[in-house]
Amino acid sequence: MKKFLSLSLFIFLSLTAQAGHVMIDTVYFSKVYYPGTQRTISISVPDQYRATSPACLYVGLDGVKCRAPEVIDSLIAVGKMPATIGLFIEAGMVKNSRGEVVRHNRSNEFDMTTPTFAQFVEEELLPLVESITISDGRQLRISRDGADHMIFGFSSGGIAAFNAAWQRPDLFQRVFCSIGTFVSMRGGNDMQALVRKHEPKPIRFFLHDGENDVWNPIFGHWYEANRMMASALDFAGYDVGYDWNNGGHDERRTNEIFASVMEWMWRDWPMPIMCGESKNELIDQLQISNDNNAWICDPIDSDDIPLVYDTLRAVYPDGSLGVIPHKGTNCLWQYVIDGDGRRLYGQPFYWLHSYSNGQLKIGPMAFDGDGYLYVVTDSGVQILDQNGRVRAILSQPDIDPEYCLSMTIEDGRINVYTVESTVYWRSLNIKAPVAGRRPKPQGAG
């Protein structure tokens, strides 16, 4: 037994040498992200891996599928993949003192659309991998570049792979999602809408499903949901491949196409994966540059931070409307402000998106000169039209919304000010509001 003090976690190791690679099997107990769970972890080290430079990473969910270690080794051998360490993760389970399984954690881990599973991989499992030195003396090292990392999953593992990259494109930028569960289990049915509204991320996707895939019609139709996701990815400008057939909810076709998908996924490595161009009209109007969604952080004197003292968090440019968060919901209330400054006719008017039915953290907000409302949340900077609907989502600045003090919009720039006396800003094709001037109406929608 080997103890990793930094994580207070325990593993049991066994090593087996096979032709071309070394396999390391572990039983892993987590006390951080999924406390009480245990699972099998397998690590595959190709013969071509040299400890002098970090390896690329392949993560496979539900353990070893599609003969992945052998396929990866064969593609490395012919120069169609870089040297890649494989990390194969079974879903967790919780056992009682008699060794009986009392909780299967697979759906809770894989179907959730939050960043939790990606954080589990990054903060618990990758340090575990890099703590290992194999018998020939090679210390395992993994690249920190998300373009060097691929993740694969099947069914609930498919949507887990998708969401790990979607939530953390800095960690995963290559995704093979086979018969992914984009249905109404834990918010997967909402993901195609979020893909359409979010500015593009630097991720490459491959989707597969069969037209007879209806694993459980209570939750939805898997094939229809995957086709909707494919349509959304096309609309949003992603580099995406597909394989559609007449199969069902099984692994037969996945096994057949796995090697060719792997070759397609890594075809131009080490070229970076860039953001595409979305057909979302508002994103196009904002003319977001292909900067992989970067915000710039600059120090600022605390005296130069504009503060909001009123309970109203944002006021329409002509002063006719005001907005405040509605406690306990993901809606914002809008009030009409009359000539005497009174607030009238309050309604939960602006409807914000969240992941996995979560309560949003809502930070500062501001109107631009066209009457769009920009709201900092932990699900991105959400941009709502005059009728209260999210039309576009920007990546959020790298700070908790609760530590953001205020937002301003200038001609060509958006600024988010923080308690740390910094300002996060981006250049956008955006117009500043003009006090007393009513934006052009957008109609009833």
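In this chain, residues are counted from 1 in sequence order.
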If we ignore hydrogens and angles and just use 3.5 Å, is the side chain of [X] paired with the main-chain N or O of [Y] as donor and acceptor?
X      : Y      : value
Ser356 : Thr113 : yes
His326 : Thr329 : no
His104 : Gly92  : no
Asp148 : Ser143 : no
Gln48  : Ala83  : no
Trp295 : Val423 : no
Asp385 : Asn387 : yes
Lys201 : Trp166 : yes
His249 : Trp215 : no

Can you name the nearest heavy-atom pair linking [X] to [Y], along with the distance?
X      : Y      : result
Pro54  : Ile142 : CB-C, 3.6 Å
Gln139 : Ile132 : NE2-O, 3.5 Å
Leu352 : Val390 : CA-CG2, 4.2 Å
Pro46  : Ser44  : CD-O, 3.8 Å
Gln396 : Ser379 : OE1-C, 4.3 Å
Arg168 : Glu122 : NH1-OE1, 2.8 Å

Apply salt bridge (charged side-chain N to carboxylate O under 4.0 Å, His left out) to Asp213 and Arg253, showing your working. CA-CA 12 Å; Asp213 179 12; Arg253 181 60 178 166; over 6 Å; no
Quick check with a 6.0 Å cut-off and a 45 degree axis cone: is Arg389 positioned over the face of Trp351's six-membered ring?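 Here Arg389 fails the 6.0 Å and 45° test against Trp351.
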I want to check something: taking the side chain as every heavy atom from C-beta on, are [X] and [Y] in contact at a cut-off of under 4.5 Å?
X      : Y      : result
Gln285 : Leu282 : yes
Leu171 : Leu126 : yes
Tyr350 : Cys331 : no
Met23  : Ser42  : yes
Ile273 : Asp239 : no
Val381 : Val375 : no
Ile179 : His208 : yes
Leu394 : Arg426 : yes

Given Phe205, which of Phe176, Phe162, Phe172, Trp264 fulfils the ring-ring contact (aromatic ring centres under 6.0 Å, His included) condition?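 Passing option: Phe162.
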Is it the case that [X] and [Y] place a side-chain donor and acceptor less than 3.5 Å from each other?
X      : Y      : value
Tyr28  : Glu124 : yes
Thr408 : Asn415 : yes
Arg186 : Thr181 : no
Thr133 : Arg138 : no
Asn245 : Glu211 : no
Asn105 : Thr37  : no

Would the number of heavy atoms belonging to other residues, nucleotides or ligands and lying under 6.0 Å from [atom1] of [X] be above 12?
X      : atom1 : result
Glu281 : CD    : no
Lys431 : NZ    : no
Glu277 : CD    : no
Glu130 : CD    : yes
Arg141 : CZ    : yes
Asn357 : CG    : no
Tyr403 : OH    : no
Arg103 : CZ    : no

Decide if the gap between the ring center of Tyr372 and the ring center of Phe367 is smaller than 6.0 angstrom.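 No; Phe367 has its ring centre 6.0 Å or more from that of Tyr372.
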Can the ring centroids of Tyr417 and Tyr424 be said to lie less than 6.0 angstrom from one another?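 Ring centres of Tyr424 and Tyr417 not closer than 6.0 Å.
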Charged N to carboxylate O below 4.0 Å: is that the case for Arg204 and Asp268?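 Yes, charged N to carboxylate O under 4.0 Å.
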Chi angles and distances behind the side-chain contact (heavy atoms from CB on, under 4.5 Å) call for Met229, Val195: CA-CA 8 Å; Met229 177 56 75; Val195 168; 3.9 Å; yes
Just grab all the side chain to side chain donor-acceptor pair (under 3.5 Å) pairs involving residues 84-96, residues at least two apart or on different chains.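 Listed once each, the pairs are Asn96-Glu100.
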So which of Gln38, Arg39, Arg106 actually passes side chain to side chain contact (heavy atoms under 4.5 Å, CB included) with Met93?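 It is Gln38; the other options fail the test.
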Quick one: which residue pairs count as a ring-ring contact (aromatic ring centres under 6.0 Å, His included) with a foot in residues 51-82, not counting sequence neighbours?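 The answer is Tyr58-Phe88.
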Parallel, tilted or perpendicular: which fits the ring planes of Trp244 and Tyr242, with parallel below 30° and perpendicular above 60°?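 If you compare the ring of Trp244 with that of Tyr242, the planes turn out parallel.
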CZ/Arg174 to CE/Met150 distance, rounded to the nearest 0.5 angstrom?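 The CE atom of Met150 is 9.0 Å from CZ of Arg174, to the nearest 0.5 Å.
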